Structures are given as C-alpha cells and as structure tokens.
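A short worksheet on the structure shown next.
Any value given below was found using the heavy atoms of this structure, including those in side chains, with hydrogens, waters and symmetry copies removed. We count ligands from 1, going down the list as the structure has it; atoms in each ligand are counted the same way. What you see is a predicted model, and the numbers here were worked out from it, not measured in a lab.
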Amino acid sequence: MIHQHDVILIGGGLTGLRAALQIKEAGLDGAVISKVHPLRSHSVAAQGGMNASLGNVEGEGGIKDSWQNHAYDTVKGSDYLADQDAVELMCREAPRTVIELEHMGMVWSRLENGKIAQRPFGGAGFPRTCYAADRTGHNALHTLYENMVGREIPVYEEFYLTSLVIDEGRCVGCTALEIVTGEVHGFQARAVLLATGGFGRIYDRSTNALINTGEGTSLALEAGAQLKDMEFVQFHPTTLYGTNILITEGARGEGGILLNKDGKRFMEGYAPRTRDLAARDVISRAMEQEIAEGRAYPGGYLYLDLRHLGPDKIKERLPGIRQIAMDFAGVDPIEEKIPVQPGQHYSMGGVDVDMGGATSIPGLYAAGECACISVHGANRLGGNSLLETVVFGRLVADRIIEDVYSINFTEKEPIKTAMINMDIKIGNILSREEGEHLFQIREAMTRTMSQGFGILREKQDMQENLQEIKKLQKQLPLVSIQNSKRELNQALVRFLELEGMLLLSEAVARSAIAREESRGSHFRTDYPERDDINFLKHTLIDLKDDEMRVSYKPVKLGMFEPEERVY
Ligand SMILES: Cc1cc2nc3c(=O)[nH]c(=O)nc-3n(C[C@H](O)[C@H](O)[C@H](O)COP(=O)(O)OP(=O)(O)OC[C@H]3O[C@@H](n4cnc5c(N)ncnc54)[C@H](O)[C@@H]3O)c2cc1C
C-alpha cells in the first residue's frame, strides 16, 4: 500500500511531535511514523529539565541570566566545537519555547512566587534549568501528544522505517514495515523529516531506551547524506549501578554530592570551582580515574549522596529518582547513598544538517538527537537537548513549510520499486533456517564499542576494536533469526536495527581514530591535549561503494574565541 502525505515525520518524540504541530498549523498534511506509540518514545524518560534564561532565579551576586550567558556556557561546554550561529539561535529562542509549552498546557514546577522554577545544572553559570520535578520529558511529551490528538494528525504507530527513497537525487518518501502485519508500506512525500533520536544502544551500559538504535541516522548515511562528529558520545556520570538507569544531574543540581570509597568528595580534587556540577565529560573521566586507581567499590561504582537534602526536598523535587533507587537498587536515598557509575547517555553526532535542518539530500531534513546541527559540539550540557528538540522541531518545520510549496509529488514508481526490494530483502532474512545467533552479534558489538570507544580511547586499542566491528558486519548476513513469520516478528526488527547499528559503530570508530586530540567527551590517552590548530573542525563521514570516508569542515565561531576550560 502506498500512502501519500505532504510531509512524513519519522519519529514521535518531542522533535517529531513539535514539528508535526507546526506543519498542521500551516495547513499542510503531515503524518508521523513511529516504531512505538509516540508516548513510549525516549523523550518521555527525560528527567532533569530544559534550559532557558528566564532569569527567575538569580545567579551569584544577584546577577540575572541572559541568552548570552546561556550561549557562553553552551559553547564552552562544547569545548568550542559547537557552531555558534546555531547556539545563538537556540539560546535566543529558549525562553519563548518554555512559555510556549506552558501555553500548550505543560505543567512546570513553580517557585513560591508562582514563576517557573529553575535549578542549577552541570556546566551552567546560572540556575537555568526549568523542570517538572524529575519528570520533565514525561510532562512535555504528553503535552505535545494531547495537542496532536486534538488536531487529528495521522500517526502510523508501530511502523518501522526501513529505507529512504531517493529519486534523481531527491528524497521522495520512504518505506516502512508495519510490525503487526509484517507488510511493507510505501510513503510518498514532498519532504521527509528524520526525528528518530539517538543511537546509544550501540554501547552496553546505556541510559537509553532499548529502541534507541539510530535507524534515521544510519539510513540517511546509506541514502547518501553525511554524518557529523560521530566520535562525540556522551557518558553520564550518574547511572544506577547494575541497570544504568539515569539518575538525573538535577540530583546534583539540588545539592547531591559524589563520594568515593574513602568517603571523600573527590570532585573537589578534579574541578575545585564547579565540583559536582562540572560538565559531564569532566566528571565521567574523574570517576573513571577513581575506579582505575582503586578508590571505587568492587565492580566499579561510587556513591551519590542525597541524604543531607532531607526528606521534603527529595520527595518534592526528585520523586522519580527516589522511586528508581528503591525499585532497582533497593536503597531509599533519604536514608542511603545511591551506587552510581558512568554510562553512555547521548549522541552528540548525527546527520549533518544546516540551521534549517536540511541535509545534503534535497527533500530530506533531520532534527533532534538524530541530527547534528551542531549546538552541543564535543559535549552537551544537561538541559540543552530537550530544548533543542522543541526549538528545532518548530524551526525545521518552518523551513520545510517554506520549501514544500515549490515541490510537487513525483511518480510513484521509485516508491513501488523500493517496496519490492525491501520485501525481497525481508523474505531472504526470514527464510534463512540456519546460521549465526543475532543476539551474540549484538552483544559482541556493544561490548566492543564500550571497550574501544568509551570514556578513555587509544589508537591501537581502537584499531583492534574497529576490526572486530568489521568482522561482525561480515557475520550479520549469515544470521538466522529463527522466526519465519511476517506478523509481529520482533526478531526481524532487531535484525534490521543491528544492521544500522553496526554501520553507526563503524562511523563512531573511524571518526574517533581520526581525531588525534582530546576534546569534550572524546578523550585520547595518547593525545591528552586539545589541539585547536589541527582539530578545531567538524568530522564528516560519508559512505561510497560500501567504504566509509572521513573528511572535515570548519566550525562556525563568532561570539566566543576558544579559551582553556577552567573547572
Ligand atoms: C534517561 C534520559 C534522561 C534525559 N533527560 C534529559 C533532560 O532532563 N534534559 C535534556 O535536555 N535532555 C535529556 N535527555 C536527552 C533527551 O531526552 C533526548 O535527547 C531527546 O528526548 C531526544 O528526542 P528526539 O525527539 O530527538 O528523539 P526520541 O524522543 O528518542 O524519539 C525518537 C522517535 O523516533 C522513532 N523511531 C526511531 N527509529 C525509528 C524507525 N526505524 N522507524 C520508525 N520510527 C522510529 C521512535 O519510535 C521515537 O518516536 C535525557 C536522555 C536520557 C537517555
């Protein structure tokens, strides 16, 4: 079956839904495709908050926040790799975006004077993070979804994007597998927006939902778009030991502290000024060092102590964190310390796009975590990602609205051909009766990525682990998923996911090996210094004839010249 819509939005998270509302507002026919119900999108799990320089809480010395302060912190936090025009746009738009969400019905936490509450977050010079207790993503996503339902925007739920259709160099639609029936559908569109989120699940210890496997990013690469800054993978310092569920930075924003096994507040030694609220890359590396030097608990964890905050504050501002700690670690943070370790958290890299979200393929756009616009550079500040999703969800939709008026639907033939090819490919996967085990390959990939491309990286080690990824890529076509049914075949979905994840793993690996310096989340033990002379530039990856190629393009500076980061 071929469906036709002006705009296809792939992704039902904050980015996809915000864009869908904008498209509808403009009178266009936009439809959302999502591999899960939109409310199960990963955005729903976001905890700590969204940054905006509302200035509702004054900084040190009674100084009020401004968008310029927000931009400065973002650029500095990015280790100067963010494009400063994009940062300026995001920070200027932030206050309006928070208020806009409020007007759509979002419930924010409040100060006693009734204004929207703001809390300190890592790497920020002011209490800037607006929040809804520790369930900000939940409140935001439900708000947008309720608005969507009211406007009757079509949603293809549990449809899995399988390919982007390119005809004469232009993206004219996509194919998707209807998971329930196993049928391949075609979608014809005048523009396609990728809003498919991050790819954190290429690592074994991750705060990301199991669905964060990055198909939008890998399929864009296969379709001919470029990926940018893939080596920059963020590791969050406080994930719950054992399950790696996130313990929000908001917990440290409220006053929580990190302790090693000697009971020492070790961040005082690594970042004397910002301590437990240093940027994430700084704290994760410090924790890694504490673990390596034997000052952590057996198994490799440290403690996050919230006890001094008292029961009232914990219950009011961090109820979700308390519940997670009790349910998954058996500790009540009111009385006990929480065992934590760093875990993969965010993908700074993604599809290379301009400020309007346009990729190098006409008709194909990307926004949110799957894209690299680049507002986070080498290291994202907490609270800036939720902001990015809603700001650029709207702005990229505006760009699409402008562009599509001059574009007509083309012939259906390319969509039909893509559907037939996908059907044959799926048939082949289902019919293989014997072969390698899918989950062994997936586990080997996540282990390899954590070993070679984690917090600390070194050339030889990375090269060996890249070879392992290449080996796994060769094994994948030999896999038998042991389930030949078309309907509700989750093994088939896992197979298709893994194909893309292995491609993204290689992109991370090649980008990391090529960047011979340390910047933000990318720390090379063999090149421990930042090298602005040779590497103040974005890494690009493209794929031609099955070969990945690394190239570079300049970073857009402007407001702030690179300076040394002082913690
Ligand atoms: C635990 C956690 C807490 C966080 N807390 C914060 C926070 O407090 N503040 C902050 O700023 N950031 C936070 N982040 C980051 C932030 O939540 C994410 O970056 C952001 O929500 C991503 O939104 P998105 O719209 O880009 O993608 P997502 O919300 O991940 O949505 C992706 C969508 O794409 C769809 N999709 C993916 N692949 C396919 C496919 N093949 N076919 C069809 N559909 C597909 C999915 O179904 C989904 O609907 C947190 C991240 C984590 C992991």
Side-chain angles (χ1 to χ4, degrees), residues 8-20 32-52 94 119 121-122 129-141 144-145 155-164 174-179 187 193-201 206-209 211-219 234 236 238-240 244-250 253 320-321 324 343-348 350 366-371 375-376 380-390 392-393 493 496-497 500:
I8 290 290
L9 305 115
I10 305 162
L14 284 171
T15 313
L17 297 196
R18 182 63 194 87
V32 174
I33 295 181
S34 176
K35 68 177 177 181
V36 293
H37 185 283
L39 291 177
R40 296 180 72 93
S41 299
H42 185 68
S43 293
V44 84
Q47 299 174 350
M50 182 184 290
N51 294 338
R119 57 167 53 132
F121 243 54
T129 307
C130 309
Y131 58 93
D134 52 6
R135 296 177 179 129
T136 313
H138 183 275
N139 282 19
L141 193 65
L144 293 187
Y145 187 69
V155 181
Y156 295 88
E157 274 166 38
E158 302 195 355
F159 273 63
Y160 177 91
L161 171 73
T162 40
S163 70
L164 294 165
C174 65
T175 63
L177 173 77
E178 184 179 7
I179 298 173
F187 291 86
L193 172 68
L194 296 170
T196 47
F199 51 83
R201 280 289 157 179
S206 174
T207 60
N208 283 201
I211 55 167
N212 281 18
T213 46
E215 290 81 67
T217 315
S218 57
L219 290 172
Q234 180 165 81
H236 196 291
T238 56
T239 77
L240 195 64
N244 300 106
I245 299 172
L246 182 73
I247 303 295
T248 175
E249 193 163 282
I321 291 308
I324 288 168
Q344 188 286 339
H345 182 59
Y346 186 81
S347 321
M348 266 83 70
E369 195 172 337
C370 72
V375 284
H376 310 303
R380 171 178 77 90
L381 291 190
N384 268 353
S385 173
L386 288 188
L387 177 63
E388 179 194 11
T389 62
V390 188
F392 289 103
V493 175
L496 296 169
E497 285 173 350

Practice item. Could you grab the distance from atom CG of Asn139 to atom CG of Leu144, nearest 0.5 Å is fine? Key: 11.0 Å
**Study point:** Subset of ligand 1 atoms that lie under 4.0 Å from at least one heavy atom of Leu161
**Key:** 40 (C), 41 (N), 42 (N), 43 (C)
Point to revise | Under 3.5 Å: donor-acceptor pair, side chain of Asn208, backbone of His345 | key: yes
Revision key, fill the gap. For Gly13, the ligand 1 atoms with a heavy-atom partner under 4.0 Å come out as 25 (O), 29 (O), 31 (O), 33 (C), 49 (O)
Point to revise | Nearest-neighbour protein heavy atom for atom 35 (C) of ligand 1, which is reported as residue plus atom name and distance | key: Gly11 CA, 3.6 Å
Study note, to complete from the structure: Under 4.0 Å between heavy atoms, the region of Asn384 that gets near ligand 1 turns out to be backbone
Review point. Going through the distances and angles, do Arg201 and Glu497 end up as a side chain to side chain contact (heavy atoms under 4.5 Å, CB included)?
Key: CA-CA 10 Å; Arg201 280 289 157 179; Glu497 285 173 350; over 6 Å; no
**Study point:** Under-4.0 Å salt bridge between Arg380 and Glu369
**Key:** no
Practice item. For Ala45 and ligand 1, answer yes if some heavy atom of the residue is under 4.0 Å from a ligand atom, otherwise no. Key: yes
Point to revise | Ligand-side contact atoms (ligand 1) for residue partner Gly48, heavy atom cut-off under 4.0 Å | key: 7 (C), 8 (O)
Review point. What residue and heavy atom of the protein are closest to atom 18 (C) of ligand 1, and at what distance?
Key: Glu369 OE1, 3.3 Å
Exercise for review: Report the distance from atom CD1 of Ile33 to atom CZ of Phe187, rounding to the nearest 0.5 Å.
Suggested key: 4.0 Å
Review point. How close does the nearest protein non-hydrogen atom get to atom 46 (C) of ligand 1, and which residue and atom is it?
Key: Ser34 OG, 3.8 Å
Exercise for review: Within a distance under 4.0 Å of any heavy atom of Tyr346, pick out the atoms of ligand 1 and give their elements.
Suggested key: 19 (O)
Check your understanding: Of all heavy-atom pairs between Gln344 and Ser206, which one has the smallest distance, and what is that distance?
Key -> OE1-OG, 2.8 Å
Review point. What part of Phe159 sits under 4.0 Å from ligand 1 if we count only heavy atoms: the side chain, the backbone, both or neither?
Key: backbone
Revision key, fill the gap. Of all heavy-atom pairs linking Cys174 and Ile8, the shortest is SG-CG2, 4.2 Å
Revision key, fill the gap. The closest protein heavy-atom partner of atom 27 (O) of ligand 1 is Gly197 CA, 3.3 Å
Exercise for review: Would you check if the side chain of Ser41 reaches a backbone N or O of Gly12 as a donor-acceptor pair within less than 3.5 Å?
Suggested key: yes
Revision key, fill the gap. re atom 48 (C) of ligand 1, the protein heavy-atom contact at minimum distance is Ser41 OG, 3.3 Å
Exercise for review: Report, in ascending order of atom number, the atoms of ligand 1 lying under 4.0 Å from any heavy atom of Leu14.
Suggested key: 25 (O)
Study note, to complete from the structure: If we number the atoms of ligand 1 from 1 as shown, the ones under 4.0 Å from a heavy atom of Gly12 are 33 (C), 48 (C), 49 (O)
Practice item. Take every heavy atom of Gly382, measure it against each atom of ligand 1, and state whether any distance is under 4.0 Å. Key: no
**Study point:** Proximity flag Thr136 to ligand 1, non-hydrogen atoms under 4.0 Å
**Key:** no
Study note, to complete from the structure: Atoms of ligand 1 under 4.0 Å from any heavy atom of Thr15, numbered from 1 in the order shown, are 24 (P), 25 (O), 26 (O)
Revision key, fill the gap. Shortest non-hydrogen pair, Gly200 vs Ser347, comes out as N-OG, 4.0 Å
**Study point:** Chi angles and distances behind the side chain to side chain contact (heavy atoms under 4.5 Å, CB included) call for Val390, Arg18
**Key:** CA-CA 6 Å; Val390 188; Arg18 182 63 194 87; 3.9 Å; yes
Revision key, fill the gap. When distances are taken from atom 29 (O) of ligand 1, the protein heavy atom at minimum range is Ser43 OG, 2.5 Å
Review point. Just heavy atoms, cut-off under 4.0 Å: does Leu246 contact ligand 1 by side chain, backbone, both, or neither?
Key: side chain
Revision key, fill the gap. Atom 6 (C) of ligand 1: closest protein heavy atom, distance to 0.1 Å, is Ala46 CB, 3.5 Å
Study note, to complete from the structure: Going by the 4.0 angstrom heavy-atom rule, the piece of Glu215 near ligand 1 is side chain
Point to revise | Check: Leu386 N/O within less than 3.5 Å of ligand 1 N/O | key: yes
Review point. Say you draw a straight line from CG of Leu496 to CG of Leu177; how long is it, rounded to the nearest 0.5 Å?
Key: 7.0 Å
Review point. Given the rule in the side chain to side chain contact (heavy atoms under 4.5 Å, CB included) test, do Val493 and Ile179 qualify, once you have shown the distances and angles that lead to the verdict?
Key: CA-CA 8 Å; Val493 175; Ile179 298 173; 4.2 Å; yes
Exercise for review: Would you check if the side chain of Thr213 reaches a backbone N or O of Ile211 as a donor-acceptor pair within less than 3.5 Å?
Suggested key: yes
**Study point:** Heavy-atom donor-acceptor pair, Thr238 side chain to Ile247 backbone, under 3.5 Å
**Key:** yes
Exercise for review: Identify the two heavy atoms, one from Ser43 and one from Leu14, that lie closest to each other, and give their separation to 0.1 Å.
Suggested key: OG-N, 3.1 Å
Point to revise | Donor-acceptor under 3.5 Å (Thr136 side chain, Gln47 main chain) | key: yes
Study note, to complete from the structure: Within the 4.0 Å heavy-atom cut-off, what Pro38 brings close to ligand 1 is neither
Practice item. Determine, using heavy atoms of Gly49 and all atoms of ligand 1, whether some pair is separated by less than 4.0 Å. Key: yes
Practice item. Taking Asp134 for its side chain and Ile321 for its backbone only, find out whether a donor-acceptor pair lies under 3.5 Å. Key: yes
Exercise for review: Report the nearest protein non-hydrogen atom to atom 51 (C) of ligand 1: residue, atom name, distance rounded to 0.1 Å.
Suggested key: His345 CE1, 3.4 Å
Exercise for review: Just go through Arg135, Lys35, Glu158 and tell me whose heavy atom is the nearest to atom 44 (N) of ligand 1.
Suggested key: Lys35
**Study point:** Residue-ligand contact Met50/ligand 1, heavy atom below 4.0 Å
**Key:** no
Review point. Relative to the heavy atoms of Thr389, which atoms of ligand 1 are at a distance of less than 4.0 Å?
Key: 20 (C), 22 (C), 23 (O)
Check your understanding: Counting heavy atoms only, which part of Arg380 comes closer than 4.0 Å to ligand 1: side chain, backbone, both or neither?
Key -> side chain
